[in-house]
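In what follows, a structure is listed as structure tokens, so that the remarks can point back to it.
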Amino acid sequence: MVTPLDIFSGFSVDDIPAAKAFYGETLGLRVSDGPMGNLDLELPAGGHVFIYPKPDHTPASFTILNLVVEDIDAAVDDLNARGVTTAIYDDPQLPTDAKGVLRGRSADRGPDIAWFRDPAGNVLSVLQN
């Protein structure tokens with residue numbers, strides 16, 4: 001049996017300074033420089049995410065981080081005001097409104113959720129349960 005001392009996740013980006021500015025300044029998360037040219041993203045509950053540089057980075061084709069928020073509309077308005085585009089899907093399987101929010105709670109289809117991309121093209125979301 002594996003007995004981990006800690007668990008963390010990681011993902012790549014193609015530009016560490018752009019990632020640091022996005023995660024730290026645009027999203028307001030705690031980001032610090034790591035020992036190997038990487039970033040350490042501190043999660044609100046105490047976990048950490050390892051963000052590492054990869055010159056031949058390919059954006060993840062799935063959501064790499066989900067930010068749970070109290071008010072989806074306020075979060076989307078704030079992201080949009082900071083220049084972040086939330087209406088990234090135009091897909092009948094993901095019917096989003098003009099703000100880019102899939103209103104899952106009213107349709108009993110899960111949370112209200114809006115997706116957006118970081119500077120490296122990775123997909124993130126804000127969601128309200």
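Here the structure is a predicted model, which means the values were calculated and not measured. Counting begins at 1 with the first residue of the sequence.
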Should Leu67 and Val123 be regarded as members of a common hydrophobic cluster, given that ILVMFWY residues are connected when their side-chain heavy atoms come within less than 4.5 Å of each other, either directly or indirectly?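 No, separate clusters.
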
Give a yes or no on whether Leu124 and Val49 share a hydrophobic cluster (residues Ile, Leu, Val, Met, Phe, Trp, Tyr; joining criterion: side-chain heavy atoms under 4.5 Å apart). yes

Euclidean distance, [Y] [atom2] relative to [X] [atom1], rounded to 0.5 Å:
X     : Y      : atom1 : atom2 : value
Thr86 : Ile113 : OG1   : CD1   : 12.0 Å
Tyr52 : Ile16  : OH    : CD1   : 10.5 Å
Leu79 : Leu27  : CG    : CG    : 6.5 Å

Where [X] and [Y] come nearest, the two heavy atoms and their spacing:
X      : Y      : answer
Pro59  : Asn122 : CA-OD1, 3.5 Å
Ser125 : Thr63  : N-CG2, 4.0 Å
His48  : Phe8   : O-CB, 3.2 Å
Ile64  : Ala60  : CG2-CB, 3.5 Å

Please evaluate residues Lys99 and Ile72 with respect to the criterion side-chain contact (heavy atoms from CB on, under 4.5 Å), reporting the C-alpha separation (whole Å), side-chain torsions for both, the decisive distance (0.1 Å), and the verdict. CA-CA 10 Å; Lys99 284 185 165 186; Ile72 188 82; over 6 Å; no

Check: [Y] and [X] side chains under 4.5 Å, non-hydrogen atoms:
X      : Y      : answer
Leu94  : Trp115 : yes
Val126 : Phe116 : yes
Thr96  : Val101 : no

For the backbone of Val84 and the side chain of Asn80, can you confirm whether one donor and one acceptor N or O come within less than 3.5 Å of each other? yes

